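Right, one structure below, let's go through it.
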Amino acid sequence: MNTKTSQSAQYWLMKSEPDCFSIDDLKRNKVEPWDGIRNYQVRNMIRDDMHIGDHVLFYHSNAKEIGVVGEMKIVSEAYPDPTQFDSKSDHPDPKSKKENPTWLLVDVKFIQKFPRIVTLNELKLDPKLEGMIVTKKGSRLSITPVSKKHFEYVVKLAKA
DNA sequence: GCCAACGTTGGC
DNA sequence: GCCAACGTTGGC
């Protein structure tokens, strides 16, 4: 018997500093390896809980305008992040060994850039989005799970 | 540029 | 295993 059960897609929010990698960069490249994850909690999530076909909100952090700017999709399972072995990359990790890489990444695919940004302030103020992790004070995880309800509501807001 | 809120490191 | 010091994230 096949022990694999078909799982329904999950929903996420992923942060990026637009000065480093923006929604427009993703739109141009179509598919991009989401490298540079150097947090164990986030690594474990992408390794254990993230799968091909999952839906993602693209979030601009550390920017003039902070908030959700578009949508993308996960198009690979987690695999070793090559930048950890590259001393010239932004986040080399000399302690990580090629036989047993510490850091993983997933490939993401551009779906759409929203007609407008849904700002963090807007997310915080909307009672329908209460409990969304990114709105919580001190939330520093670059990837967080989002409920299907919240995801669909944010997309609706972006197009309103 | 400031600083609060974390996460990590390393001495003990 | 504790915890101070340090580094990073990211809103403001």
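All values below were derived from every heavy atom in this structure, side-chain atoms included, with hydrogens, water molecules and symmetry-related copies excluded. Chain naming here is simple, since letters A, B, ... match the order of the sequence lines and numbering starts at 1 in each. Model, not experiment: these values are computed from the prediction.
Taking only side-chain nitrogens and oxygens, A/Lys137 comes nearer than 4.0 Å to OP1 or OP2 of B/dA5. In this model, the phosphate group of B/dT9 is approached by a side-chain N or O of A/Lys95 to a distance below 4.0 Å at OP1 or OP2. Residue A/Lys15 places none of its side-chain N or O atoms closer than 4.0 Å to OP1 or OP2 of C/dT9.
Partner A/Asp81 forms a salt bridge (Lys or Arg N to Asp or Glu O under 4.0 Å) with one of A/Arg38, A/Arg47, A/Lys98 and no other, that one being A/Arg38.
Among the protein residues, A/Gln41 comes within range of the sugar-phosphate backbone only, with heavy atoms under 4.0 Å from sugar or phosphate atoms but none that close to a base. In this structure, A/Lys64 reaches neither bases nor backbone, as no heavy-atom distance under 4.0 Å exists between it and the strands shown.
Two residues are said to be in side-chain contact when any heavy atoms from C-beta on lie closer than 4.5 Å; A/Pro18 and A/Asp25 fail this criterion.
Computed from coordinates, the A/His60 NE2 to C/dG10 C1' distance equals 14 Å when rounded to whole Å. Spacing between atom NE2 of A/His91 and atom C1' of B/dG7 amounts to 15 Å, rounded to whole angstrom units.
Proximity of the aromatic rings of A/Phe58 and A/Trp12 is defined here by a centroid distance below 6.0 angstrom, and this criterion is not met.
Across the interface with DNA chain B, nearest-nucleotide mapping of A/Asn62 and A/Ser139 shows A/Asn62 to be the residue nearer the 5′ end.
Taking the six-membered ring for Trp and thresholds of 30 and 60 degrees, A/Trp34 and A/Phe21 have ring planes more than 60 degrees apart, a perpendicular arrangement.
You won't find any donor-acceptor pair under 3.5 Å spanning the side chain of A/Arg38 and the base of C/dT8, going by distance alone.
For A/Tyr40, whose side chain is taken as the heavy atoms from C-beta onward, the closest listed nucleotide among C/dT8, C/dG10, B/dT8 is B/dT8.
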